[in-house]
Each structure stands twice: as structure tokens, then as C-alpha cells.
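Presented below is the structure to which this report refers.
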Amino acid sequence: MSELAPSVSPLALSILELLDERPMHPYELAATMRERHHDEFIRLNFGTLYHTVEVLERDGLVVSVEREKEGRRPERTIYELTEPGRELLVKVVSEILARPTREYTNFAAGLMFMHHLEAHQAAQLLDERIAALAAKTEKLTRVMAELRTAGVTRLALIELEHKIAMLEAEREWVGKLKGEITDGTLEWKAGMGSGHELLRRRHGSSTH
């Protein structure tokens, strides 16, 4: 693929994916996302979801096909995926699988600046993170087991499997880091005295 796919938010991608299965109204989209635990991977709230559906409709990627009325509830518009929407879905998923992208995480920022803490404090906080990661892993493992028991295929849960693997890998790495801080293996200093001066001399002082 030589042409990059346009930027599509995870929420928009989830909407396109669900509408590729069948037409739905926004409330059903949100309920299905929660049922399938998409909210573990995307920020989900009704206001943003409705706005995203409107943008997708404006761009011709989804189209309203009918309005549904139940009792005293307001009418709910049902949407379906258009052919351009399906083409974009396939293109974006292909790009995501093929090309790693730079991601900016809060944890990476915390690691960059943790030398501003006392070493024992950083170790204690990392210990708390290890416990939180273990709890998250246990929860998702239980959810995945329940869904598999209910007959959901592994392919339909592959993102959960990946999430669990990443959580376990991070917990193992953080555990090693915490151990190095505790036993003093990790030298607790940063800045010019930590090797930055050598890097500056090696690569030059210019930032251009």
C-alpha cells in the first residue's frame, strides 16, 4: 500500500466495524461496544459517539436508512455502512496492522521524569503499578474466559488477548525495574552527569 489511509479515530473505526455487521442505531452501537468490551480500548460516551456518527454521515461513510420508534421513546435513527465506508474500514485496518505508529503514553512520560522522585518513592509507586496491572490482567482474563465459554471465537477476542499479553509484559518489565531501583543497580541520577554530555558531544550541540 503506497497511499496512507486517512486518520480515523478508534471510536469511528469501531462504529464502521459494527455497521459492517448490520445496520444499528447509536444506542445499539454503544451497547454493543460495551458488551464486547470495546471500551477497554476506546473512550466511549454517548455525546462523542453521536457526534462521530454525524461526522461519518456527513462524509458519506454511513447513511441513515430508517427511524425506529418504541413506545414513548424518541425516534432513533438507524444507520448502515456505505461502500466508501467499507473501503475506508478495510484500508485503515490494513494500515494499522502493517505500520507501527509513534504513541505518546503517560507512563513513558512518568519514566522519563521519575528521577525527580526519591528512589525509594519511585520503587513504591512502581510496586503499586504492578498490583494494578495484575488486577487488570486478572479482570480481562476472566472476561475473556467468560466470553469464550459463551461461544465467542478467539478471533473476535484477539484484541483482548493482545491487551492481556501487553499487560503481562509490562508487569514483568516494571517488576525488574523496581528491583533494580531497590537494590541500587539502576544509578539514580539524570541530566548532564548521566551521560547526556557524551551524547551532546557525539551528535553535536545543534538541534537542527
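A salt bridge links Glu172 with Lys176; the closest basic N to acidic carboxylate O contact falls under 4.0 Å.
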Inset, instruction - Begin from the C-alpha positions of Arg171 and Lys136 and carry the test side-chain contact (heavy atoms from CB on, under 4.5 Å) through to its verdict. - result: CA-CA 11 Å; Arg171 180 167 57 126; Lys136 187 73 169 178; over 6 Å; no

Inset, instruction - Take Val8 and Glu95 through the test side-chain contact (heavy atoms from CB on, under 4.5 Å) and record every step on the way to the result. - result: CA-CA 11 Å; Val8 176; Glu95 289 288 348; over 6 Å; no

Legend entry - CA sep, side-chain torsions, deciding dist, call: Ile164, Met144, side-chain contact (heavy atoms from CB on, under 4.5 Å): CA-CA 10 Å; Ile164 291 168; Met144 187 165 67; 3.7 Å; yes

Inset, instruction - Step by step, work out the side-chain contact (heavy atoms from CB on, under 4.5 Å) result for Leu61 and Val55. - result: CA-CA 9 Å; Leu61 302 172; Val55 171; over 6 Å; no

Show which side-chain atoms of residues 145-153 pair as donor or acceptor with protein atoms under 3.5 Å away, not counting sequence neighbours.
| unit_1 | atom_1 | unit_2 | atom_2 | d |
| --- | --- | --- | --- | --- |
| Arg148 | NE | Val152 | O | 3.3 |
| Thr149 | OG1 | Ala145 | O | 2.8 |
| Thr153 | OG1 | Ala156 | N | 3.3 |

Which donor-acceptor pairs under 3.5 Å do the side chains of residues 9-17 make with protein atoms, sequence neighbours left out?
| unit_1 | atom_1 | unit_2 | atom_2 | d |
| --- | --- | --- | --- | --- |
| Ser9 | OG | Ala12 | N | 3.0 |
| Ser14 | OG | His38 | ND1 | 2.7 |

Side-chain donor/acceptor pairs under 3.5 Å, residues 119-131, sequence neighbours excluded:
| unit_1 | atom_1 | unit_2 | atom_2 | d |
| --- | --- | --- | --- | --- |
| Arg129 | NE | Glu170 | OE2 | 2.7 |
| Arg129 | NH2 | Glu170 | OE2 | 2.9 |

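No single ILVMFWY cluster, assembled from side-chain heavy atoms under 4.5 Å apart, contains both Val90 and Ile158. Note on Met112 and Leu186: separate hydrophobic clusters, where clusters join Ile, Leu, Val, Met, Phe, Trp and Tyr whose side-chain heavy atoms are under 4.5 Å apart, directly or indirectly.
Of all heavy-atom pairs spanning Leu117 and Trp188, the tightest one is O-NE1, 2.9 Å. The minimum heavy-atom distance between Glu28 and Pro23, with the atom names listed, is OE1-O, 4.2 Å. Listed here is the closest heavy atom pair of Leu19 and Glu80: CD1-C, 4.4 Å. Taking every heavy atom of both residues into account, Leu44 and Ala30 meet most closely at CD2-O, 4.0 Å.
Contact check for Lys163 versus His37: no side-chain heavy atoms found under the 4.5 Å cut-off. When side chains are defined from C-beta on, Thr77 does not count as touching Glu57, because their heavy atoms never get closer than 4.5 Å. Taking the side chain as every heavy atom from C-beta outward, Val174 and Phe107 approach each other to under 4.5 Å. Between Thr32 and Glu21, every side-chain heavy-atom pair lies at or beyond the 4.5 Å cut-off. Arg58 places none of its side-chain heavy atoms less than 4.5 Å from the side chain of Glu54.
Taking Asp20 as the reference, Arg86 meet the salt bridge (Lys or Arg N to Asp or Glu O under 4.0 Å) condition, with sequence neighbours excluded. Remark: Glu159 engages no residue in a salt bridge (Lys or Arg N to Asp or Glu O under 4.0 Å) (not counting sequence neighbours). Looking at residues two or more places apart in sequence or on another chain, you find no salt bridge (Lys or Arg N to Asp or Glu O under 4.0 Å) involving Arg34.
Interatomic distance, OG of Ser64 versus CZ of Arg76, reported as 15.5 Å (0.5 Å rounding). Note that CE of Met166 is 13.0 Å distant from CG of Leu140, once rounded to the nearest 0.5 Å. Going from atom CG of Leu160 over to atom CZ of Arg36 covers 12.0 Å, rounded to the nearest 0.5 Å.
A distance-only check finds a donor-acceptor pair linking the side chain of Thr82 to the backbone of Gly60 [under 3.5 Å].
Residue-environment remark: CD (Glu83) exceeds the threshold of 12 foreign heavy atoms within 6.0 Å. By the neighbour-count criterion of 12 heavy atoms within 6.0 Å, atom CG of Asn106 is sparsely surrounded, having that number or fewer from other residues, nucleotides or ligands.
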